[in-house]
Chemist: 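Here it is, the structure, as structure tokens.
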Amino acid sequence: MTHICLLLSGAALLINGLALLGTLPRRDAAVFSLLIGSIQLVLAVVHVSASGVSAGGGTPSLLGASGMFLFGLTYTYVGLDVLLALGSKGLGCFCGMVAGCGLLLAASWSGQDLLLAVLWLCWAYLWLLFFLHLALGVERLRPLIGWSLVLTSQASATAPAVLGITGQWPGDPTGATAAAALLALLLLALLLLAGGLARRGRRIAARAATGNSPLPGQLRL
């Protein structure tokens, strides 16, 4: 169940990132987010029932269920926020809370699954960006968030989901440590690339806004 939710998250992250970059209509992304979030919440409930979490199914089951609910609630809230024009501030505050939960989950997984710990650190960062953008009104973060979602969606969600679904998730400590290190480097590189693309986009937009105005020291011909 958790890997299926992760696979769905890869698609949702990609679609929402494209919407933030202006490639897709926000309403289309909102409907998709609402659909994905609803499915994830249903799967989370089924996961809890099937694994016997309420009857002491164990810490991994509890952690897995917590992540599924956090993702499901986030996507559902994102969809409703756009479709109902809620204003996004409440969503931003929620993302701030979830970012904190993400750090706690990363710490909890660090003693059991380093790969998941790295993933939760990445997701917590993405939620933090939404908090800064939506709750605190840092508008210039919008392109950074868009590119971060697009570039990390497959590496932080789709690819790990496929590994889990196909039974290739690294289980031995040595393999898990190596995979976690490689994943951390990859995600860091993607996030740095997202920052570079966002800055480039802002420079292009700034030049377009000034039109053909000459720069200081230049003469208009």
Side-chain angles (χ1 to χ4, degrees), residues 1-18 20-21 36 40 58-72 74-75 95-133 138 141-201:
M1 293 294 181
T2 55
H3 295 132
I4 295 175
C5 281
L6 197 54
L7 186 65
L8 296 174
S9 290
L13 289 171
L14 177 62
I15 295 300
N16 280 285
L18 292 174
L20 283 170
L21 294 173
I36 293 297
Q40 287 184 328
T59 300
S61 294
L62 286 170
L63 293 175
S66 299
M68 293 168 73
F69 278 114
L70 289 176
F71 272 107
T74 299
Y75 294 132
C95 288
M97 184 209 74
V98 179
C101 292
L103 292 177
L104 292 176
L105 287 170
S108 298
W109 278 115
S110 62
Q112 305 177 52
D113 192 324
L114 282 178
L115 199 60
L116 271 175
V118 170
L119 290 173
W120 272 109
L121 286 175
C122 176
W123 298 330
Y125 169 74
L126 296 177
W127 267 304
L128 175 62
L129 290 180
F130 273 105
F131 168 71
L132 296 174
H133 174 53
V138 187
L141 288 179
R142 184 184 182 90
L144 173 61
I145 298 173
W147 281 115
S148 296
L149 293 182
V150 169
L151 294 178
T152 63
S153 61
Q154 307 309 297
S156 72
T158 304
V162 172
L163 286 178
I165 291 172
T166 57
Q168 301 301 313
W169 193 275
D172 63 287
T174 303
T177 301
L182 289 175
L183 179 62
L185 291 175
L186 174 60
L187 291 175
L188 179 59
L190 291 173
L191 291 172
L192 290 175
L193 176 59
L197 291 171
R199 286 192 296 272
R200 179 175 177 271

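The model shown is predicted, which means the values in this text are computed figures rather than measured ones.
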Chemist: Are any of the side-chain heavy atoms of Val138 and Phe131 separated by less than 4.5 Å?
Modeler: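 Counting from C-beta outward, Val138 and Phe131 never come under 4.5 Å.
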Chemist: Compare every heavy atom of Leu20 with every heavy atom of Arg142, then report the nearest pair and how far apart it is.
Modeler: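 Scanning both residues completely, I find the closest heavy atoms to be NE-O, 3.4 Å.
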Chemist: Tell me which one of Leu21, Leu149, Ile145, Val150 satisfies side chain to side chain contact (heavy atoms under 4.5 Å, CB included) with Asn16.
Modeler: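 Exactly one pass, corresponding to Leu149.
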Chemist: Looking only at heavy atoms, which two atoms of Ser9 and Gln40 are closest? And how far apart?
Modeler: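 Closest pair (atom of Ser9, atom of Gln40, distance): OG-NE2, 2.8 Å.
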Chemist: CG of Leu116 to OG of Ser110: how many Å apart, nearest 0.5 Å?
Modeler: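 The CG atom of Leu116 sits 11.0 Å away from the OG atom of Ser110.
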Chemist: How long is the span from the OG1 atom in Thr74 to the CE atom in Met97, to the nearest 0.5 Å?
Modeler: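 Going from the OG1 atom of Thr74 to the CE atom of Met97 covers 8.0 Å.
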Chemist: Going by the rule ring pair (Phe, Tyr, Trp, His ring centres under 6.0 Å), which residues pair with His133 if we only count those two or more places apart in sequence or in a different chain?
Modeler: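 If we apply the ring pair (Phe, Tyr, Trp, His ring centres under 6.0 Å) test to His133, skipping adjacent residues, there are no hits.
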Chemist: List for me each residue that meets side chain to side chain donor-acceptor pair (under 3.5 Å) alongside Ser153, sequence neighbours excluded, and say none if there are none.
Modeler: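 Per chain and number, Ser153 pairs via side chain to side chain donor-acceptor pair (under 3.5 Å) with no residue.
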Chemist: With sequence neighbours excluded, what pairs up with Thr158 under the side chain to side chain donor-acceptor pair (under 3.5 Å) test?
Modeler: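 Counting only residues at least two positions away or on another chain, Thr158 forms a side chain to side chain donor-acceptor pair (under 3.5 Å) with Gln154.
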Chemist: State, with a plain yes or no, whether a side-chain heavy atom of Leu105 is found less than 4.5 Å away from one of Leu70.
Modeler: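 Yes, close enough: below the 4.5 Å cut-off.
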Chemist: Kindly write out the residues that satisfy side chain to side chain contact (heavy atoms under 4.5 Å, CB included) with Leu182, not counting sequence neighbours, or none if the list is empty.
Modeler: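 Checked Leu182 against side chain to side chain contact (heavy atoms under 4.5 Å, CB included); zero matches.
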Chemist: How far apart are the closest heavy atoms of Leu187 and Ser156, and which atoms are they?
Modeler: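 Heavy atoms of Leu187 and Ser156 come nearest at CD2-CB, 4.0 Å.
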Chemist: Between atom OG1 of Thr2 and atom CD1 of Ile165, what is the distance when rounded to the nearest 0.5 Å?
Modeler: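 Between atom OG1 of Thr2 and atom CD1 of Ile165 there are 9.0 Å.
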Chemist: Measuring only between side-chain heavy atoms, which start at C-beta, is Pro160 closer than 4.5 Å to Leu115?
Modeler: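 A side-chain contact under 4.5 Å is absent here.
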Chemist: Of all heavy-atom pairs between Leu141 and Leu129, which one has the smallest distance, and what is that distance?
Modeler: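 Looks like CD1-O, 4.2 Å.
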Chemist: Distance from Leu13 atom CG to Leu151 atom CG, nearest 0.5 Å?
Modeler: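 Here the rounded value is 11.5 Å.
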Chemist: Closest heavy-atom contact between Leu121 and Leu103?
Modeler: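 Scanning both residues completely, I find the closest heavy atoms to be CD2-CD2, 3.9 Å.
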Chemist: Going by the rule side chain to side chain donor-acceptor pair (under 3.5 Å), which residues pair with Thr152 if we only count those two or more places apart in sequence or in a different chain?
Modeler: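 Once residues adjacent in sequence are excluded, Thr152 has no partner under the side chain to side chain donor-acceptor pair (under 3.5 Å) criterion.
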Chemist: Less than 4.5 Å apart, any side-chain heavy atom of Trp169 and any of Asp113?
Modeler: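 A side-chain contact exists here, since the closest heavy-atom pair is under 4.5 Å.
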Chemist: Indicate the atoms forming the closest heavy-atom contact of Leu126 with Ser148, along with that distance.
Modeler: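 So the two residues come closest at CD2-CB, 3.8 Å.
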Chemist: The criterion is ring pair (Phe, Tyr, Trp, His ring centres under 6.0 Å); which residues satisfy it with Trp123, sequence neighbours excluded?
Modeler: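 Scan of Trp123 (ring pair (Phe, Tyr, Trp, His ring centres under 6.0 Å), adjacent residues dropped) gives Phe71, Trp120.
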